Every structure is written in structure tokens, then in C-alpha cells.
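Working notes, structure below.
By convention in this document, chain letters (A, B, ...) are assigned in the order of the sequence lines, proteins followed by strands, and residues within each chain are numbered from 1. Atoms considered below: every heavy atom in the structure, side chains included; atoms not considered: hydrogens, waters and symmetry mates. Not measured: the values here are computed from a predicted model.
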Protein chains: 2
Amino acid sequence: MDIEERKKVAAFANAISNPVRVEILYFLANRNQCYFGDIKKDLPLCKATVSQHLKELKKVGLIQGEIEGPKTKYCINAEKWNEARQLLDEFLSGSNNICKCGSH
Amino acid sequence: MDIEERKKVAAFANAISNPVRVEILYFLANRNQCYFGDIKKDLPLCKATVSQHLKELKKVGLIQGEIEGPKTKYCINAEKWNEARQLLDEFLSGSNNICKCGSH
DNA sequence: ATCATTGTTTGTATTTTTACGAACAGTTGC
DNA sequence: GCAACTGTTCGTAAAAATACAAACAATGAT
């Protein structure tokens, strides 16, 4: 795994590093489509903050949004989602080392 | 996956969310033991900053350190490492949804 | 056209993260 | 003891992340 891939690992992990965003992703992963309002209802935060988190998830590509009438429909971007899964798995598969330190 | 596990997902992801920490983990994952000085040599940062990152990785349990003479030996904590791997994989396995949004 | 509904964007305050130098602490060798 | 080496901790500055209210924009209904 080269340096560029490792940077992607950090970027994907960064998207998942916030409990709110984990909740959003979990929510989206368990329905195949939903509106902003549904996501917002699930969270104890104001709409601006929710929108901000969604924007960040969109930025790394893990989700995508589509304007539908007056509402916005969000869902997981399967392609990026799988890329993240594969990258993180590859990264975390990288250690078959037996630890030589004490304090177990 | 319950809320507590999802919080752990966020916590592990948070440890991996920084490029420097990814480099440290990658470095450690590819040797089975090494000293603070070796890690520091690999990074363009002052020792205080490196120490800080190591402290954070130790806090979530992904690595462990052991004082050995005047040096400190660090290595991956295999148990936590595997827990992180399993949790993240489970989380990212959670979406078999076909996206219903456009803009592909 | 006007109004209510749905989200986004902007401005801002607070907190957290990241990085550094300096001070400190422990170990080894003289 | 004292000096050299290895890391950690402390204090602090700068940047980024998080959250909110208010303003804004777009659509749909009346």
C-alpha cells in the first residue's frame, strides 16, 4: 500500500471519525433511500449542523444527494463505500506481526 | 450493530483519521518492534508531536509501548488491532443497498 | 402572488486538534 | 556526581472541527 492510498485511508477514516456521521451512515446504510428530514429527525442537532455533516460525507464520496422536489434525497454511494471498505480492510490486514512489547 | 459499537467505530476511525497516525501505524505494522527514535526519524515532525500522536494511539489501544532502558519500544497491539478491523469491517458491510439516488 | 415547507449557506462562538519549543525525567557511561 | 542520550510533559499558538441562529433559496400549495 503506497502513500497515496494511505492518505485515502486517513480521509475515509476521517469521515467516519465523528459519532454523528457514523449515525448518519448507519441510518442510510439501513434504508435504501431517505430524505434530509428523516436524517435530521434521527439526530439531536439543528438542521444546519446536519447539513454540514452531510456535506462532508458527500465531499469524500461516501454518500450522494439528489434534489427531489422541495426535498433532498440522500443515499449511500455504493462504489465509494466499497472502495473505503476495501482500503480500510487492506490497511488493517497489514499487521501479522507478533508484538514484541510487554504490558499485555 | 448497536450504538455502543458504533461509538467504538468512530473512536477507532478517529485514531486512523490523521495522516501522521496512519504513517505511524503503517510503519509499526511493517516491523514487529521499533523504538521511538525510529518512528521519529520517519516523520518530519518534532519529537513532542510524535510523542503526542503515539499517546493518542496508545489511548485507543491500537499500539502499546514499553520502556526498555533509555529507549521506548512501540508495537501494534494485535488484539485491539483485530477488534478495530472487525468492527470497521462489520460497519462497512452494513450496506447492501442499491442506491436510489441519481447523479452517478 | 403569497405563504408555508424544505434544505443550504453564512456568520460566529466554542472546543478540539495539531504542532512547536522548552522544561523535565529517566537511563547509561564516564 | 555529571554529562549525553532518549522520550515525555507542559505551555502555548495556530488551525480545524463542531454547533447554533439567522438569512437565504427553491419548490409546492393556496
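Leu57(A) places its CG atom 13 Å from the P atom of dA17(D), with the value rounded to the nearest Å. Distance Tyr74(B) OH to dT6(D) C1': 11 Å, rounded to the nearest Å. Atom CG in Leu54(B) sits roughly 16 Å away from atom P in dT6(D) (whole-Å rounding). In this structure, Asn14(B) places its CG atom 12 Å from P of dA17(D), rounding to the nearest Å. Atom C1' of nucleotide dG7(D) and atom CD of Glu56(B) are separated by 18 Å, given to the nearest angstrom. As a whole-Å value, the separation of Lys59(A) NZ from dT18(D) C1' is 14 Å.
Contact footprint of chain A on DNA chain C: nucleotides with an atom under 4.0 Å from a non-hydrogen protein atom, first to last in 5' to 3' order, dT6(C) to dT9(C).
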Determine, step by step, whether Phe27(B) and Arg31(B) satisfy the side chain to side chain contact (heavy atoms under 4.5 Å, CB included) criterion, reporting the C-alpha distance in whole Å, the side-chain angles of both residues, the deciding distance to 0.1 Å, and the verdict.
CA-CA 7 Å; Phe27(B) 189 86; Arg31(B) 34 221 101 203; 3.6 Å; yes

Candidate pair His53(A) and Thr49(A), rule side chain to side chain contact (heavy atoms under 4.5 Å, CB included), full reasoning
CA-CA 6 Å; His53(A) 280 300; Thr49(A) 303; 3.9 Å; yes

For residues 9-20 of chain A, which side-chain N or O atoms pair as donor and acceptor with protein atoms under 3.5 Å away, sequence neighbours left out?
{"residue": "Ser17(A)", "atom": "OG", "partner": "Asn14(A)", "partner atom": "O", "Å": "2.7"}
{"residue": "Asn18(A)", "atom": "OD1", "partner": "Val20(A)", "partner atom": "N", "Å": "2.7"}
{"residue": "Asn18(A)", "atom": "OD1", "partner": "Arg21(A)", "partner atom": "N", "Å": "3.3"}

Under 3.5 Å, which donor-acceptor pairs link side chains of residues 38-46 of chain A to any protein atom two or more places apart or in another chain?
{"residue": "Asp38(A)", "atom": "OD2", "partner": "Tyr35(A)", "partner atom": "N", "Å": "3.0"}
{"residue": "Lys40(A)", "atom": "NZ", "partner": "Leu45(A)", "partner atom": "O", "Å": "3.2"}

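Take Gln52(B) and apply the side-chain contact (heavy atoms from CB on, under 4.5 Å) test, not counting sequence neighbours, and it matches no residue. The salt bridge (Lys or Arg N to Asp or Glu O under 4.0 Å) test applied to Lys8(A) returns Glu83(A), not counting sequence neighbours.
Contacts between residues 37-53 of chain A and DNA chain C, defined by a heavy-atom separation below 4.0 Å, involve Gly37(A), Lys47(A), Ala48(A), Ser51(A), listed by number.
Scanning both residues, Tyr74(A) and Leu54(A), for their nearest heavy atoms gives CE1-CD1, 3.6 Å.
The number of heavy atoms from other shown groups lying within 6.0 Å of CD (Glu5(A)) is above 12.
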